[in-house]
Novice: 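Okay, handing you the structure first.
Bear in mind that the values here come from a model prediction, so they are computed numbers and not experimental data. Residue numbers start from 1 in every chain, and the chains themselves are labelled A, B, ... in the order their sequence lines are given, proteins ahead of strands.
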There are 2 protein chains.
Amino acid sequence: MTPNEKITTNGLRLTAPRKKILAVFSHQAHPISFEEYASLDTTMDKSTFYRNMQTFEAANIIQGIESDEGKRYFELSDTIHPHFVCQQCHNITCLDETPIPKLNGYHVNSITYKGQCPQCSDL
Amino acid sequence: MTPNEKITTNGLRLTAPRKKILAVFSHQAHPISFEEYASLDTTMDKSTFYRNMQTFEAANIIQGIESDEGKRYFELSDTIHPHFVCQQCHNITCLDETPIPKLNGYHVNSITYKGQCPQCSDL
DNA sequence: ATTCTAATGCAACTCAGTTGCAATTAACCT
DNA sequence: AGGTTAATTGCAACTGAGTTGCATTAGAAT
Ligand SMILES: [Mn+2]
Ligand SMILES: [Mn+2]
Ligand SMILES: [Zn+2]
Ligand SMILES: [Zn+2]
């Protein structure tokens, strides 16, 4: 599905900010915060960004992840996979190959591991 | 290990606020936020609470969990187990029986599942 | 082209968590 | 037991990620 289709099939209007947001996210290999997004698209308004994050999360286009620093990180939700948040260097790693365990009775949307990444463990 | 021992074996001073904090947490079956803590101990100062959460996390006495609402929840870290954060009712469930999967190369401290809990799935 | 309503952009706001600092006090030493 | 000192507390002021109100803009439908 193209970025434009993702927007329109959800009954959302195809606006310039939305197209830009999905274009920027499609080039990311990791979840990014608004701060990082803003460095890649210096004209994006904060409110427009956050409102669209909510809209896109509801439409299952974007997925949000809470870091350990009280910030939210976002990525496209095409490929669903666990994430690892390092409590030392604060990097977020996509665990693309790791399966998401099932939980009886629960509907699991995502998993987040926290701890020390390989780099930070090897000290 | 008694609450007092947890404090003193880490080279921390045995103060009234610290004893109260561990006493309150020892009666909780789920992680709680400062807001909830404050309703159980109305005289606790916010700064004292948060500073001790940091101290206790560093000493592995308390574990913090990020909810999906931009708040942190805390619980004693005696029994380490995964948590489920419901994105609909925002309850946090302790998955006491669920094992924590290993991740090669990573040191995993905790796991958080997000999705819909059984109550919210059954609608 | 006109109309209608969703979405934007800006400024003001919220509120969980942090920080600076003077006052207190637990732990240590004699 | 009393005196010293550095950790901790309590309060008020601050920070900053995210939200909200509202006037303006611009998709989409007819
Ligand atoms: Mn990812
Ligand atoms: Mn728990
Ligand atoms: Zn790391
Ligand atoms: Zn629920």
Novice: Decide whether A/M53 and A/Y37 are clustered together by the hydrophobic rule: side chain heavy atoms of Ile, Leu, Val, Met, Phe, Trp, Tyr closer than 4.5 Å, transitively.
Specialist: yes
Novice: Who passes side-chain contact (heavy atoms from CB on, under 4.5 Å) against A/D45, sequence neighbours left out?
Specialist: A/S47, A/T48
Novice: Does A/E36 have any side-chain contact (heavy atoms from CB on, under 4.5 Å) partners at least two apart in sequence or in another chain, and if so, which?
Specialist: A/I32, A/S33, A/Y73
Novice: Under the 3.5 angstrom rule, does the side chain of A/T98 hit a backbone N or O of A/P82 as a donor-acceptor pair?
Specialist: no
Novice: For A/H83, which of A/K114, A/Q63, A/E75 qualifies under side chain to side chain donor-acceptor pair (under 3.5 Å)?
Specialist: A/E75
Novice: Could you give the distance from CD (A/Q87) to SG (A/C117), rounded to the nearest 0.5 Å?
Specialist: 11.0 Å
Novice: Not counting sequence neighbours, which residues clear side chain to side chain donor-acceptor pair (under 3.5 Å) with A/R72? List them please.
Specialist: A/E57, A/E66
Novice: List, by chain and number, the other hydrophobic cluster members for B/Y113, where Ile, Leu, Val, Met, Phe, Trp and Tyr join if side-chain heavy atoms come within less than 4.5 Å, directly or indirectly.
Specialist: A/I80, A/F84, A/L95, A/I100, A/L103, A/Y106, A/V108, A/I111, A/Y113, B/I80, B/F84, B/L95, B/I100, B/L103, B/Y106, B/V108, B/I111
Novice: Between which nucleotides of DNA chain D, 5' to 3', does chain A make heavy-atom contacts below 4.0 Å?
Specialist: D/dA17 to D/dA28
Novice: Angle, rounded to 10°, between the helical axes spanning five pairs at each terminus of the helix from C/dA1-D/dT30 to C/dT30-D/dA1?
Specialist: 50°
Novice: So how far is it from A/S26 OG to A/K6 NZ, rounded to the nearest 0.5 Å?
Specialist: 8.0 Å
Novice: Hey, can you pull the residues of residues 20-46 of chain B with a non-hydrogen atom under 4.0 angstrom from DNA chain C?
Specialist: B/K46
Novice: Output a table of nitrogen or oxygen pairs between the protein and nucleotides 27-30 of chain C separated by less than 3.5 Å.
Specialist:
unit_1: C/dA27; atom_1: OP1; unit_2: B/L14; atom_2: N; d: 3.0

Novice: Treating A/Q54 as the side-chain partner and A/R51 as the backbone partner, does any N or O pair qualify as donor plus acceptor under 3.5 Å?
Specialist: no
Novice: Quick one: list whatever passes side chain to side chain donor-acceptor pair (under 3.5 Å) with A/T79, sequence neighbours left out.
Specialist: A/H81
Novice: For the pair A/Q119 and A/Q88, evaluate side-chain contact (heavy atoms from CB on, under 4.5 Å) and give the outcome as yes or no after the intermediate values.
Specialist: CA-CA 10 Å; A/Q119 289 73 43; A/Q88 203 160 321; over 6 Å; no
Novice: When the ring planes of A/F49 and A/F74 are compared, do they come out parallel, tilted or perpendicular, using 30° and 60° as the limits?
Specialist: perpendicular
Novice: Using a cut-off of strictly less than 4.0 Å between a heavy atom of the residue and any atom of DNA chain D, enumerate the qualifying residues of residues 50-71 of chain B by number.
Specialist: B/R51, B/N52
Novice: Check side chain to side chain donor-acceptor pair (under 3.5 Å) between B/E97 and all other residues, then give those that pass, not counting sequence neighbours.
Specialist: none
Novice: Which donor-acceptor pairs under 3.5 Å do side chains of residues 11-25 of chain A form with protein atoms, sequence neighbours excluded?
Specialist:
unit_1: A/T15; atom_1: OG1; unit_2: A/R18; atom_2: N; d: 3.4
unit_1: A/R18; atom_1: NE; unit_2: A/N52; atom_2: OD1; d: 2.7
unit_1: A/R18; atom_1: NH1; unit_2: A/R13; atom_2: O; d: 3.0
unit_1: A/R18; atom_1: NH2; unit_2: A/N52; atom_2: OD1; d: 3.3
unit_1: A/K20; atom_1: NZ; unit_2: A/D41; atom_2: OD1; d: 3.3

